[in-house]
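In this chain, numbering begins with 1 at the start of the sequence shown.
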Amino acid sequence: MTERELLRTALVIPPRGRAVLCVWAGVPGLVCAPFVFWQSIAAGCVFCAVWTALVFEVWVRSCSFAAWLTPKDLVMQAGVAVPAARQLPRQAVTGLFALRTPLLWLAGASVLIVRCPGGLLVLPGVPSVQADALAAILSEDAV
């Protein structure tokens, strides 16, 4: 994928990437649920309902995620009712890190962490091909 192609497309989280994010959000609840049910059945049911709402919020938020590259900035937008956009100048990028766990590898996605002075931008679950191309372009700008 070239810079020209990346400038024309938006990075969105594919369904498999969203599934990985929801699994990551759900696993701590599954680990903690037996201990809450041990206290009482009612507390366990409330805990499971709240944790399910949390995982649903992660899914909804990941559905609204979009990132795109402009000639001067890297822009990320997320939010359902009130979308919030974050802009990061391409010249301000000081470091890049692509995270691929085995589950992300199976989903064909990766987490791209972009570092800049005073900030950190996390692009979760984006397709690996687009993440690699974005990392190459931003690392060329950083040099």
Side-chain angles (χ1 to χ4, degrees), residues 1-37 39 41-142:
M1 180 170 261
T2 64
E3 182 175 358
R4 176 175 279 172
E5 291 172 345
L6 203 55
L7 285 172
R8 289 184 291 167
T9 60
L11 297 162
V12 294
I13 302 174
R16 292 175 121 188
R18 286 193 295 262
V20 171
L21 293 176
C22 290
V23 165
W24 284 352
V27 166
L30 290 174
V31 170
C32 295
F35 299 105
V36 179
F37 272 107
Q39 301 299 318
I41 298 292
C45 291
V46 169
F47 176 80
C48 288
V50 169
W51 206 270
T52 302
L54 173 78
V55 172
F56 180 72
E57 173 67 26
V58 167
W59 179 77
V60 168
R61 183 88 173 178
S62 66
C63 285
S64 69
F65 175 85
W68 59 91
L69 191 65
T70 66
K72 293 186 178 189
D73 296 325
L74 174 63
V75 182
M76 184 194 79
Q77 179 178 343
V80 178
V82 182
R86 305 282 186 252
Q87 292 183 343
L88 177 67
R90 288 169 65 168
Q91 293 93 5
V93 173
T94 58
L96 292 160
F97 180 70
L99 173 68
R100 286 194 187 101
T101 63
L103 193 56
L104 279 171
W105 181 78
L106 285 173
S110 62
V111 174
L112 190 64
I113 301 170
V114 183
R115 298 187 61 185
C116 68
L120 187 71
L121 183 65
V122 179
L123 304 173
V126 295
S128 295
V129 174
Q130 292 177 336
D132 292 339
L134 183 63
I137 291 167
L138 290 176
S139 64
E140 286 175 5
D141 290 343

Exercise for the section: State whether the side chain of Thr94 and the backbone N or O of Arg115 hold a donor-acceptor pair below 3.5 Å, judged by distance alone. Expected result: yes

Exercise for the section: Output the distance between atom SG (Cys116) and atom CG (Leu138), rounded to the nearest 0.5 Å. Expected result: 11.0 Å

Handout entry: Heavy-atom donor-acceptor pair, Trp51 side chain to Ala25 backbone, under 3.5 Å
Key = yes

Exercise for the section: Would you indicate whether the side-chain heavy atoms of Leu96 and Ile113 approach each other to under 4.5 Å? Expected result: no

Fill in the blank from the handout: For Arg100 and Ala109 the tightest heavy-atom approach is CG-O, 4.1 Å

Exercise for the section: Of all the heavy-atom pairs spanning Ala85 and Val75, show the shortest one and how long it is. Expected result: CB-CG1, 4.5 Å

Problem - Side-chain touch Val111/Trp24, heavy atoms, less than 4.5 angstrom - result: yes

Handout entry: Taking every non-hydrogen atom, the tightest pair across Met76 and Leu121
Key = SD-CD1, 3.7 Å

Practice task
Please determine if Asp73 and Arg86 form a salt bridge, counting it only when a charged side-chain N lies under 4.0 Å from a carboxylate O.
Solution key: no

Exercise for the section: Test Phe37 against Cys48 for side chain to side chain contact (heavy atoms under 4.5 Å, CB included), laying out the working first. Expected result: CA-CA 9 Å; Phe37 272 107; Cys48 288; 3.5 Å; yes

Handout entry: Straight-line distance of Leu123 CG to Leu11 CG, nearest 0.5 Å
Key = 7.0 Å

Handout entry: Side-chain heavy-atom pair Val36, Val46 within 4.5 angstrom cut-off
Key = no

Handout entry: Point-to-point distance, once rounded to the nearest 0.5 Å, from CZ of Phe47 to OG1 of Thr52
Key = 9.5 Å

Handout entry: Residue pair Arg18 / Trp59, side-chain heavy-atom distance below 4.5 Å
Key = yes

Exercise for the section: Under the side chain to side chain contact (heavy atoms under 4.5 Å, CB included) rule, what do Val93 and Leu88 come out as? Steps first, then yes or no, please. Expected result: CA-CA 8 Å; Val93 173; Leu88 177 67; 4.2 Å; yes

Problem - Straight-line distance of Lys72 NZ to Gln91 CD, nearest 0.5 Å - result: 8.0 Å

Problem - Exercise: identify the closest heavy-atom pair between Pro117 and Ala92 - result: CD-O, 3.1 Å

Problem - Euclidean distance, Leu112 CG relative to Asp132 CG, rounded to 0.5 Å - result: 8.5 Å

Problem - Smallest separation among heavy atoms of Gly125 and Ile13, with atom names - result: O-CG2, 3.6 Å

Handout entry: Inter-residue atom distance Thr9.OG1 - Leu69.CG, 0.5 Å rounding
Key = 9.0 Å

Exercise for the section: Taking all heavy atoms of Pro71 and all of Arg90, pick out the closest pair and write down the distance. Expected result: O-NH1, 3.4 Å

